[in-house]
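These numbers come from a predicted model, not from an experiment. Counting starts at 1 for both ligands and their atoms, following the listed order.
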Amino acid sequence: MSESERITIYAAEESPFPHRVFVALEEAELPYDIIWIDLCDKPDWYTENVYPTAKVPYLVYGGPKLHPGQSPSPDLPQLGESMVILEFLADTFPKAQLLPSSPFLRAKARLFYKAVEEIFVPALIEVAYKKGPGETLYKALEHIQSLLPPTGFAVGDWSIADAAFWPVYLQAFVLLELKPPTLAPGSEEVLETLQNSPRFARLRTYVEENMTRPSATKRWNTETVKAKMARRLEFVFSGAQKK
Ligand SMILES: N[C@@H](CCC(=O)N[C@@H](CS)C(=O)NCC(=O)O)C(=O)O
């Protein structure tokens with residue numbers, strides 16, 4: 001791999017957003033380095049030398065191999081925000097077909113992941129962290145489901161629209177099972193509805209189909225995500241989080 005092509009991703013395993021990036025990189029068969037950030041003990045160098053928002057994921061494109069604590073050269077392309085990173089990868093590696101070539105289908109892919117960002121992610125935050133009712137999550141998921149074709153992926157062939165959705169969807173199950181104190185009582189019923197109700201049958205089939213792809217299971221392991229998320233919730237709700 002030449003230096004101009006090196007891809008470095010700063011990530012945390014319990015966050016669904018870096019998983020979006022891993023899935024796209026796996027689909028594109030691109031090698032990448034990962035620098036893990038412990039969100040329960042966030043190193044100062046990450047905020048000071050790498051990404052001031054201190055969120056994950058963060059991508060650095062090109063340059064020599066990076067190690068924890070180092071600053072990437074400011075001359076290198078660098079990006080935060082998982083969906084922006086996915087679009088960058090789709091544009092930089094068009095042969096990987098991370099987005100369809102048809103302008104209409106590309107636009108539909110964008111509509112899909114815009115709905116994930118603007119409707120589903122806020123609904124999950126509302127339910128998991130603000131005691132919002134399960135119905136908030138159901139309505140958001142119904143909307144996502146309504147955008148899906150009767151079979152297959154979000155816009156036909158697999159695309160980054162699919163990578164946008166399923167890590168956050170699986171994270172919803174992890175949170176419902178872990179029951180942070182900010183979850184309203186009755187989360188078992190929400191879990192049961194999402195797992196078994198015919199109301200979400202198409203969505204379940206769609207996610208199952210995504211999970212048959214090697215790109216999905218290369219880095220996503222629900223038990224690991226759950227264990228790390230449990231630690232993170234303990235950290236956040238014990239009041240140990242840095243202000
Ligand atoms: N909109 C961002 C969201 C990224 C995000 O919120 N990441 C969280 C983890 S889930 C984070 O890094 N938080 C840092 C912290 O809480 O210390 C994206 O899509 O990349």
Is there a ring-ring contact (aromatic ring centres under 6.0 Å, His included) between Y113 and F165 once you walk through the steps? CA-CA 7 Å; Y113 58 76; F165 179 67; over 10 Å; no
Show the numbers, then the answer: is there a ring-ring contact (aromatic ring centres under 6.0 Å, His included) between Y10 and Y51? CA-CA 9 Å; Y10 294 80; Y51 189 27; 8.9 Å; no
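In terms of polar-atom proximity, L39 is not counted as a contact of ligand 1, lacking any N or O under 3.5 Å from an N or O of the ligand. Residue S82 has at least one nitrogen or oxygen atom sitting less than 3.5 Å from a nitrogen or oxygen atom of ligand 1, judged on distance alone.
When heavy-atom distances to ligand 1 are checked against a 4.0 Å cut-off, K42 comes that close only through its side chain, counted from C-beta outward. The part of A54 lying near ligand 1 is the backbone, judged by heavy-atom distances below 4.0 Å.
Residue contact check for ligand 1: R232 places a non-hydrogen atom closer than 4.0 Å to it.
Salt bridge status for E87 with R110: present, with a side-chain N to carboxylate O gap under 4.0 Å. Ion pair D38/R231 flagged as a salt bridge, since at least one NZ, NE, NH1 or NH2 atom sits closer than 4.0 Å to an Asp/Glu carboxylate oxygen.
Hydrophobic clustering (ILVMFWY, side-chain heavy atoms < 4.5 Å, transitive): I119 and L175 are in distinct clusters. In terms of hydrophobic clustering, with Ile, Leu, Val, Met, Phe, Trp and Tyr side chains grouped at heavy-atom distances under 4.5 Å, V155 and L99 are assigned to different clusters.
Close contacts between ligand 1 and P57 involve ligand atoms 20 (O) [criterion: under 4.0 Å to a heavy atom]. Per-residue contacts place S15 under 4.0 angstrom from the following atoms of ligand 1 (heavy atoms of the residue considered): 9 (C), 10 (S).
Counting only non-hydrogen atoms, the option in D38, T53, V56 that gets closest to atom 7 (N) of ligand 1 is V56.
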